[in-house]
Amino acid sequence: MSNLSQQNVLTLDKVSVKAQGRQILKNISLTLKRGEIVTVVGPNGSGKSTLLKTIIGANQPSSGSMRHAKKIRIGYVPQKLHIDYTLPLTVRRFLSLPVKVSDSAVHEALQAAGAGHLCARQMSQLSGGQFQRVLLARALLCKPDLLLLDEATQGLDQPGSAEFYRQIEKLRQELDCAILMVSHELHVVMSASDRVICLNGHVCCEGAPEQVASAPQYQALFGSGTQGALALYRHEHTHSHDHLDKMPCGEECSHGRELS
Amino acid sequence: MSFLDDFFIRAVLAGIGVGLAAAPLGCFVVWRKMAYFGDATAHAAILGVAFSLAFEFHIFGGALVISLIMALLVSSLSEKGYSSDTLLGVMAHSTLAFGLVWVSLLSHVRVDLMSYLFGDILAVTRFDLMVVWLCAASCLSLLWWRWSSLLTVTVNSDLAYASGISPKREQLILSLALALVVAMAIKVVGVLLITSMLIIPASAARPLSNTPEKMAILAIVISALSVVLGLHFSYLFDTPSGPTIVCVATMFFLASAMYGALRRL
């Protein structure tokens with residue numbers, strides 16, 4: 001972990017979120033400190049995206065409280081974003097929304113995201129991978145205190161994805177920001193994060209990557225062996241995804257207890 | 001004698017005033033796919049006209065209030081997930097029908113409903129002109145003030161939330177601007193054609209623009225040209241002014257769409 005200030009950027013205290021009468025998140029408590037990279041893993045429909053949307057304020061908690069440091073800047077890379085043809089928007093203009101940024105900063109951020117040649121292109125004409133790189137550049141540009149990434153590297157090729165995580169690491173060092181990301185790439189989770197939270201409507205388990213990987217709750221969700229990398233694949237293709245009804249982590253699940 | 005004494009000059013100035021506000025607002029209507037929303041708000045204005053006639057209210061005031069109520073109602077319904085074409089269609093046409101029936105039941109007034117349905121731009125008074133330009137100025141300042149936030153919400157509401165912008169508040173701003181434009185445009189193009197002044201110049205500007213700002217400015221230019229040419233043709237051929245203006249705007253749209261298609265070949 002960072003040896004810089006250990007100030008809390010964000011604290012969730014027993015936050016529950018309901019949508020259309022369905023409980024999506026239940027009693028989520030978590031704290032993010034400056035300079036910390038935390039990854040959320042969990043099966044489809046486990047509330048990962050909902051958690052990020054609650055943090056940006058798009059979802060209101062039905063109970064519990066959320067506190068963050070005053071005037072923090074939040075960088076957010078959504079899972080999916082569609083820009084319609086009817087809206088003429090160059091990459092350059094998109095990066096200046098809502099706050100104007102200088103040409104040199106734009107150039108630098110696009111270079112860093114491997115999208116330097118896209119500056120004058122229309123957003124609606126970018127390919128999926130190019131679009132994702134531009135979103136990353138935008139997240140880098142806002143110099144956030146808290147960076148939220150919702151499967152930010154999906155659609156990127158392997159070098160692009162690796163370069164992205166190098167940028168994230170650099171950003172953490174330069175800005176001392178807290179980073180919360182949702183990822184399906186378990187090898188990334190294992191190498192890049194300080195802490196992993198295993199989510200399935202509630203916090204199944206959390207802790208350092210190695211601890212979580214060996215925790216029974218995690219293995220119940222993702223299977224065991226091959227450090228979880230293959231297990232994730234198996235999980236996604238052989239289980240039903242309606243986990244809120246039948247918790248696969250079973251009775252012994254340590255709801256929200258941090259592993260020591 | 002002043003230059004405003006000429007009814008033709010007043011008509012041109014009123015039309016340009018409407019376009020000044022309607023064209024940039026229309027860009028948001030196009031980007032956010034709110035055309036039906038615009039229809040519902042505009043058609044409700046005829047209910048406002050009936051209300052004003054019944055209670056001897058100024059037409060403009062009645063139309064503004066009813067349009068605003070309608071805009072707020074529709075936007076709160078769409079927020080709750082009711083944004084079906086059907087519901088908007090029901091509201092748009094039922095308010096129009098109830099408004100028309102109500103006006104016909106008012107035995108003490110004899111009005112020419114056609115002038116509210118299709119506008120009566122050649123009968124614009126100095127007072128009307130002042131109202132139009134005041135509304136255009138307030139609508140433009142509103143859009144100018146919120147431009148960056150409105151655009152961010154239009155791109156993606158989650159990105160807006162993350163930047164500390166409330167999509168609900170921006171939707172409210174758009175509803176207010178829409179009600180203002182509807183109220184000021186009744187006299188110029190009439191309730192049935194207001195949506196065309198919103199979306200046709202904006203759509204005509206799209207193939208010629210690469211940023212949102214260029215599209216808004218071009219839409220204003222196209223709208224002003226349509227008003228000047230449309231009034232000129234309506235004088236030459238003795239056709240109704242509002243519809244002629246819309247026809248000219250549509251010609252601009254077709255020309256620009258063809259240009260866009262050719263460029264993409």
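Bear in mind that the values here come from a model prediction, so they are computed numbers and not experimental data. The sequence lines fix the lettering, A, B, ..., with proteins before strands; numbering per chain opens at 1.
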Using side chain to side chain contact (heavy atoms under 4.5 Å, CB included) as the criterion, list what pairs up with Ala219(B), not counting sequence neighbours.
Ala23(B), Cys27(B), Pro201(B), Ala205(B)
All side chain to side chain contact (heavy atoms under 4.5 Å, CB included) counterparts of Ala105(A), not counting sequence neighbours
Ser102(A), Leu141(A)
Heavy-atom distance under 4.5 Å to chain B: side chain of Leu97(A), backbone, both or neither?
both
Decide yes or no for Leu159(B) and Pro78(A): does some side-chain heavy atom of the first lie under 4.5 Å from some side-chain heavy atom of the second?
yes
With a 6.0 Å cut-off (strictly less than), is the heavy-atom count around NE2 of His117(A), excluding the residue itself, greater than 12?
yes
Please report all inter-chain donor-acceptor pairs (under 3.5 Å) between chain A and chain B, with distances to 0.1 Å.
{"residue": "Lys53(A)", "atom": "NZ", "partner": "Asp158(B)", "partner atom": "OD2", "Å": "3.1"}
{"residue": "Asp84(A)", "atom": "OD1", "partner": "Lys33(B)", "partner atom": "NZ", "Å": "3.3"}
{"residue": "Asp84(A)", "atom": "OD2", "partner": "Lys33(B)", "partner atom": "NZ", "Å": "3.2"}
{"residue": "Tyr85(A)", "atom": "O", "partner": "Arg206(B)", "partner atom": "NE", "Å": "2.7"}
{"residue": "Tyr85(A)", "atom": "O", "partner": "Arg206(B)", "partner atom": "NH2", "Å": "3.0"}
{"residue": "Thr86(A)", "atom": "O", "partner": "Trp31(B)", "partner atom": "NE1", "Å": "3.0"}
{"residue": "Thr86(A)", "atom": "O", "partner": "Arg206(B)", "partner atom": "NE", "Å": "3.4"}
{"residue": "Arg93(A)", "atom": "NE", "partner": "Glu213(B)", "partner atom": "OE1", "Å": "3.1"}
{"residue": "Arg93(A)", "atom": "NE", "partner": "Glu213(B)", "partner atom": "OE2", "Å": "2.9"}
{"residue": "Arg93(A)", "atom": "NH2", "partner": "Glu213(B)", "partner atom": "OE2", "Å": "2.6"}
{"residue": "Pro98(A)", "atom": "O", "partner": "Ser148(B)", "partner atom": "OG", "Å": "2.6"}
{"residue": "Gln122(A)", "atom": "NE2", "partner": "Asn210(B)", "partner atom": "O", "Å": "2.9"}

Inter- and intrachain pairs under salt bridge (charged side-chain N to carboxylate O under 4.0 Å, His left out), touching residues 240-258 of chain B, at least two apart:
none
